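Following: one structure in structure tokens, then a few remarks.
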Amino acid sequence: MKEKTSLKKKIVKIGGILLAAVILGFMVKEFIQNWQDIRPYLENAKLGILGIAILLYAAAFLATGYNWAYLLWRMDSRLEKREYLHIHMVSALARYIPGGIWNIVGKAYMCTEKGVEKSATTASMILEYVFQILSSGLFLLFFLPVLIQEFLTPILTAGFILITILILIFLPWIVRIGIKILGKVFREDLSGMQIKNRYVYQILAQYVGVWLFTGFGLIVLVRAFENISWLQGLYLMLSYPISWVAGFLSPSPNGMGVREGVLRLLLGERYSYELLLLITLTTRIWTILGEVVAFAGFESYYHLRTKKRK
């Protein structure tokens, strides 16, 4: 049984790598073929605005880390939120190490070293994934009518509104179902975890807020290459969380290729083909640079504070 499970994981891993390679290979090929049309965007890029966009993503990345730190701090307050954020920042960069699990392993190891309850650490990571997926899923609810706007009727529109309201009403129940499912994946018994409805809406609002801020940063990034309308910016803000969760749920390493492919699919009719290729290929670079800036900035602050306390 263990050998079959191991073989299945290897097949999924190899399949994810091949999927990422195919999608990225196709996009790079298109980028090269359309280079002459893309080149003017790069030559006229506003470096100052690019810098601001990177700083905005760095702030969004820090806010994401704070959300997890807050989740864990509510369950085990033996460490300050600043300490938990430090653990998140260090372990987050481990996503780029081959294997795809080092982010989780890093958090678990560092928390254990500092005496944090293992069950609390696992529960916080499960809650993080549940709220990230659900919050990004809400953006899909708002984007679906845009995707099928040609087929919308008053009855269908009313149906979308009703479904959205019902999802928001039953959100605490959906969160509890998600916790049970991921609890089985992590092999952790979370049946005793009690989450109040008010807490669910509070945390969800925090994650939605981070997605909106990230979308604003993406708008700034695109405006470094080309002025865009407010409607094009709205599409960016709605589509990025959807592309992120598609990449997260895919077998591709760190969503590589899948995230870019879904983003391109969602924005296909809203941008010129050349600008769309530039957006999808620079977004990954933007997030990596933002994470590096956030890591360097926070770690400098963290170590300075630690020295002062000593």
Side-chain angles (χ1 to χ4, degrees), residues 14-58 60-61 95-96 136 139-140 143-144 146-150 211 214-293:
I14 293 172
I17 293 172
L18 290 175
L19 178 64
V22 169
I23 296 175
L24 286 177
F26 174 77
M27 293 177 68
V28 169
K29 178 186 175 183
E30 291 292 297
F31 188 88
I32 294 172
Q33 289 178 346
N34 292 273
W35 170 247
Q36 292 304 321
D37 294 318
I38 294 172
R39 185 176 176 180
Y41 288 113
L42 294 172
E43 290 177 344
N44 298 317
K46 304 174 183 68
L47 297 181
I49 296 179
L50 280 173
I52 293 172
I54 292 171
L55 290 175
L56 287 172
Y57 187 80
F61 185 63
R95 298 196 316 276
Y96 298 102
S136 57
F139 285 84
L140 180 59
F143 203 83
L144 272 176
V146 175
L147 290 175
I148 61 171
Q149 56 186 324
E150 296 179 1
W211 282 127
T214 303
F216 175 69
L218 184 55
I219 292 171
V220 174
L221 174 70
V222 176
R223 285 185 66 85
F225 302 112
E226 177 78 350
N227 289 327
I228 58 175
S229 67
W230 70 269
L231 191 57
Q232 287 176 308
L234 179 62
Y235 288 141
L236 275 174
M237 190 172 285
L238 289 174
S239 61
Y240 185 78
I242 302 170
S243 66
W244 179 90
V245 78
F248 176 78
L249 295 175
S250 74
S252 171
N254 201 25
M256 193 75 70
V258 175
R259 187 192 301 173
E260 289 78 8
V262 172
L263 188 62
R264 177 180 172 180
L265 179 66
L266 294 175
L267 298 175
E269 298 181 1
R270 277 79 193 179
Y271 291 86
S272 66
Y273 188 66
E274 297 78 19
L275 182 56
L276 184 59
L277 282 172
L278 184 60
I279 291 171
T280 52
L281 288 174
T282 55
T283 299
R284 178 71 63 167
I285 300 171
W286 170 62
T287 58
I288 293 173
L289 290 176
E291 289 177 10
V292 170
V293 169

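Computed from a predicted structure; not experimentally measured.
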> Roughly how far, to the nearest 0.5 Å, is CZ of Arg270 from CD1 of Ile228?
Replying inline: 13.5 Å
>> Pair Leu218, Trp286 - check side chain to side chain contact (heavy atoms under 4.5 Å, CB included), show working.
In response: CA-CA 9 Å; Leu218 184 55; Trp286 170 62; 3.9 Å; yes
> Any side-chain heavy atom of Thr287 within less than 4.5 Å of one from Tyr240?
Replying inline: yes
>> If the condition is side-chain hydrogen bond (donor to acceptor under 3.5 Å, both in side chains), which residues does Tyr271 pass it with, not counting sequence neighbours?
In response: none
Acceptor/donor pairs from residues 42-56 side chains to any protein atom, 3.5 angstrom cut, sequence neighbours excluded:
| residue | atom | partner | partner atom | Å |
| --- | --- | --- | --- | --- |
| Glu43 | OE2 | Arg39 | NE | 2.8 |
| Asn44 | ND2 | Pro40 | O | 3.0 |

> Can you name the nearest heavy-atom pair linking Val293 to Ala58, along with the distance?
Replying inline: CG1-CB, 4.0 Å
> Can any side-chain N or O of Glu226 pair as donor or acceptor with the backbone N or O of Arg223 at less than 3.5 Å?
Replying inline: no
>> Please give me the minimum heavy-atom distance between Val258 and Ser250, naming the atom from each residue.
In response: CG2-OG, 3.6 Å
> Who passes side chain to side chain contact (heavy atoms under 4.5 Å, CB included) against Val245, sequence neighbours left out?
Replying inline: Ile133, Ser136, Leu249
> Is any side-chain heavy atom of Leu276 closer than 4.5 Å to a side-chain heavy atom of Arg264?
Replying inline: yes
> What's the spacing between Arg284 CZ and Thr282 OG1 if we round to 0.5 Å?
Replying inline: 12.0 Å
>> Minimum heavy-atom separation for Gly290 and Tyr57, please, with both atom names.
In response: CA-CD2, 3.8 Å
> Taking all atoms of both residues into account, what is the closest heavy-atom pair of Ile219 and Gly233, and its distance?
Replying inline: CD1-O, 3.4 Å
N/O donor to acceptor pairs below 3.5 angstrom from side-chain atoms of residues 16-31, sequence neighbours left out:
| residue | atom | partner | partner atom | Å |
| --- | --- | --- | --- | --- |
| Glu30 | OE1 | Tyr273 | OH | 2.4 |

> Can you tell me how far the OG1 atom of Thr283 sits from the CD1 atom of Ile288, to the nearest 0.5 Å?
Replying inline: 11.0 Å
> Where do Ser239 and Leu267 come nearest, in terms of heavy atoms and distance?
Replying inline: OG-CD2, 3.5 Å
>> Checking Glu274 now: which residues fulfil side chain to side chain contact (heavy atoms under 4.5 Å, CB included) with it, not counting sequence neighbours?
In response: Asn34, Asp37, Ile38, Tyr41, Ser272
>> So, taking the atom named CG in Leu265 and the one named OG1 in Thr280, what distance separates them when rounded to the nearest 0.5 Å?
In response: 11.5 Å
> Atom CD1 in Ile279, atom CG in Leu236: separation rounded to 0.5 Å?
Replying inline: 5.5 Å
> For Phe248, which residues count as a ring-ring contact (aromatic ring centres under 6.0 Å, His included) partner, sequence neighbours excluded?
Replying inline: Tyr129, Trp244
> With a 4.5 Å heavy-atom cut-off, do Ile32 and Trp35 have their side chains touching?
Replying inline: no
> Given Gln232 and Leu275, is the side chain to side chain contact (heavy atoms under 4.5 Å, CB included) satisfied, shown in steps?
Replying inline: CA-CA 12 Å; Gln232 287 176 308; Leu275 182 56; 5.9 Å; no
> Which salt bridge (charged side-chain N to carboxylate O under 4.0 Å, His left out) pairs, counting each pair once, include a residue from residues 227-255, with sequence neighbours left out?
Replying inline: none
> Which residue pairs pass the salt bridge (charged side-chain N to carboxylate O under 4.0 Å, His left out) test when at least one of the two sits in residues 230-244, sequence neighbours left out?
Replying inline: none
> Given Met237 and Trp211, is the side chain to side chain contact (heavy atoms under 4.5 Å, CB included) satisfied, shown in steps?
Replying inline: CA-CA 8 Å; Met237 190 172 285; Trp211 282 127; over 6 Å; no
